[in-house]
Number of protein chains: 2
Amino acid sequence: MDIDEILDSVSLIHEDPKAILKSYTKEVNFPKGHLLLHAQKCEKSIYFIKKGIVRAYSNTAENEVTFWFGKEGDAVISMKSYIANQPGYENIELLENSCFYEMNNTELQKLYNEHIEIANWGRKFAENELLKTEERLISRQFRTASERYDELLKNHPHLVQRVQLSHIASYLGITQVSLSRIRAAKN
Amino acid sequence: MDIDEILDSVSLIHEDPKAILKSYTKEVNFPKGHLLLHAQKCEKSIYFIKKGIVRAYSNTAENEVTFWFGKEGDAVISMKSYIANQPGYENIELLENSCFYEMNNTELQKLYNEHIEIANWGRKFAENELLKTEERLISRQFRTASERYDELLKNHPHLVQRVQLSHIASYLGITQVSLSRIRAAKN
DNA sequence: AAGAAAATTTTACAAATGTTAAATAATGAG
DNA sequence: CTCATTATTTAACATTTGTAAAATTTTCTT
């Protein structure tokens with residue numbers, strides 16, 4: 001997924017301000033297993049996935065909890081860092097060799113104050129991410145683990161082959177044994 | 001909480017653009033029990049709470065699930081309506097006689113395209129709401145019902161006296177009987 | 001203040017989910 | 001291809017949470 005498509009999918013933007021945005025973007029590659037963002041660290045950059053799959057997880061006292069999966073076109077970002085300049089929740093691990101568009105946070109903030117179209121692009125970016133986060137919250141509050149498993153299969157069809165079921169179980173908020181029971185019941 | 005304090009708490013903004021924003025704001029009052037926003041309906045306005053407490057809930061096939069409580073300074077808003085012009089999830093019920101600042105969505109969108117400071121104020125607004133929503137999601141994913149009950153007491157100390165425990169239980173994602181057990185264990 | 005209604009807690013039991021460990025299946029290295 | 005390693009499923013049992021109903025407490029009305 002190329003940069004034009006990604007920027008436009010956030011919000012349509014004229015060529016001139018888009019060219020400015022793009023000039024602050026650079027392409028970076030990392031191998032499977034690489035940690036792109038680190039929990040408890042204030043991250044300086046945000047990323048958009050050109051190619052690849054990633055997962056976000058946090059370590060608790062007892063175990064590791066996966067709370068998000070990202071794919072082509074998705075933003076990989078610590079919102080706490082981006083918005084509040086504070087350490088974030090997420091470790092982001094690459095589930096395959098991946099390619100990203102990287103933007104520096106400080107430079108982006110500067111652009112927001114200089115170009116109204118870029119400011120509104122940034123506004124739409126936050127708004128879109130907000131809708132997605134709200135949808136995740138609603139999903140957790142209103143749907144069972146089994147329903148959310150179906151959702152996950154639908155939104156990330158290739159994921160189940162590539163990710164350990166223990167990660168998916170923690171994403172669903174259940175144990176791996178429970179997930180096995182859910183899967184068994186679907187056959 | 002007055003309008004200046006609310007607007008500034010979203011993001012500091014100079015007097016001129018703030019005056020413009022304020023000129024599009026009007027004060028409205030409604031009694032306890034009033035439904036301010038309606039699920040499955042595209043809402044035309046957003047509100048900020050000057051005085052009062054509200055709760056957001058959705059009806060499922062079986063029952064009613066409360067998923068948010070709002071207090072002074074909070075935005076009462078259907079994000080789906082505000083951002084995507086689509087019907088939202090939330091019924092918003094007033095838990096006491098309340099006073100709001102109302103802004104019309106269409107007019108606000110127009111201002112975003114005309115004034116860069118207002119565009120960036122709107123960006124910060126979405127970003128702040130995003131952080132709050134993310135915090136709610138993290139809370140649900142990483143904390144037990146008992147811990148979330150403590151959080152709720154801390155964030156909304158006056159709430160427990162004013163809201164039925166069945167609403168709080170559904171907010172926590174447990175039954176009222178379980179909540180009673182949790183409360184009993186804390187004494 | 002008394003009685004009725006509503007809200008909350010408690011009880012007893014059922015159902016669902018977690019825990020631990022063993023069995024089976026899948027993956028990868030040599 | 002075979003063996004060793006890792007991942008997943010299954011089984012047995014313990015614990016937690018839900019359900020339904022009764023008991024108690026609180027709130028509201030008169």
Side-chain angles (χ1 to χ4, degrees), chain A residues 31-33 53-55 57-67 69 93-97 139-153 156-187, chain B residues 31-33 53-55 57-67 69 93-97 139-153 156-187:
Chain A
K32 174 175 175 170
I53 307 182
V54 308
R55 88 181 164 100
Y57 69 92
S58 268
N59 293 302
T60 70
E62 302 86 41
N63 45 25
E64 182 188 289
V65 179
T66 295
F67 58 94
F69 296 102
E93 179 197 31
L94 309 195
L95 299 176
E96 54 185 46
N97 298 338
S139 172
R140 271 213 145 244
Q141 193 124 22
F142 289 89
R143 299 198 246 290
T144 65
S146 175
E147 288 167 341
R148 292 184 358 92
Y149 178 68
D150 294 338
E151 265 183 10
L152 185 66
L153 290 190
H156 300 266
H158 309 302
L159 208 72
V160 172
Q161 287 90 289
R162 311 191 79 91
V163 185
Q164 285 188 210
L165 286 187
S166 58
H167 295 158
I168 295 179
S170 78
Y171 173 83
L172 298 174
I174 57 179
T175 60
Q176 188 172 346
V177 174
S178 274
L179 178 54
S180 268
R181 289 197 270 242
I182 287 173
R183 284 156 60 93
K186 294 200 194 289
N187 301 329
Chain B
K32 174 175 176 171
I53 307 182
V54 307
R55 87 181 166 101
Y57 68 92
S58 268
N59 294 302
T60 71
E62 302 88 40
N63 45 24
E64 182 188 291
V65 180
T66 295
F67 57 94
F69 295 102
E93 178 198 30
L94 310 196
L95 299 176
E96 53 185 48
N97 298 337
S139 173
R140 269 214 147 245
Q141 193 124 19
F142 289 89
R143 298 198 246 289
T144 65
S146 175
E147 289 168 338
R148 295 189 349 95
Y149 178 68
D150 294 338
E151 265 184 8
L152 185 66
L153 290 190
H156 300 266
H158 309 302
L159 207 72
V160 173
Q161 287 91 288
R162 313 191 76 91
V163 184
Q164 286 186 208
L165 287 186
S166 59
H167 294 157
I168 295 179
S170 79
Y171 173 82
L172 299 174
I174 57 180
T175 60
Q176 189 172 347
V177 173
S178 275
L179 178 54
S180 268
R181 289 196 268 242
I182 287 172
R183 284 157 60 91
K186 292 200 196 289
N187 302 327

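Here is the naming used below: chain letters follow the sequence lines, and residue numbers restart at 1 for every chain.
Checking side-chain atoms of A:S178 against main-chain N and O of A:T175 turns up no donor-acceptor pair under 3.5 Å. For the pair B:N97 (side chain) and B:K32 (backbone), a donor-acceptor distance under 3.5 Å is present. Looking at A:T66, its side chain never comes within 3.5 Å of a backbone N or O of A:I168 through a donor-acceptor pair.
C:dT20 atom P lies 14 Å from atom CD of A:Q176, rounded to whole Å. Atom C1' of nucleotide D:dT15 and atom CD1 of B:I182 are separated by 15 Å, given to the nearest angstrom. Going from atom CD1 of B:I168 over to atom C1' of C:dT9 covers 15 Å, rounded to whole Å. D:dT10 atom P lies 12 Å from atom CG of A:L179, rounded to whole Å. In this entry the distance linking CZ of B:R162 with C1' of C:dA7 reads 17 Å, nearest Å. In this entry the distance linking CG of A:L165 with C1' of D:dT6 reads 13 Å, nearest Å. The CD-C1' distance, from A:Q161 to D:dA7, rounds to 15 Å in whole Å. Distance B:Q164 CD to C:dA5 C1': 13 Å, rounded to the nearest Å.
Using cut-offs of 30° and 60° on the angle between ring planes, the pair A:Y171 and A:F69 is tilted.
You'll find that the side chain of B:A184 is closest to C:dT10, out of D:dT10, C:dT10, D:dT8.
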Under 3.5 Å, which protein N or O atoms sit close to an N or O of nucleotides 12-17 of chain C? Give each pair with its distance.
none

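A salt bridge links B:K186 with B:D150; the closest basic N to acidic carboxylate O contact falls under 4.0 Å.
Between A:R162 and A:L95, the closest heavy-atom pair is NE-O, 4.5 Å.
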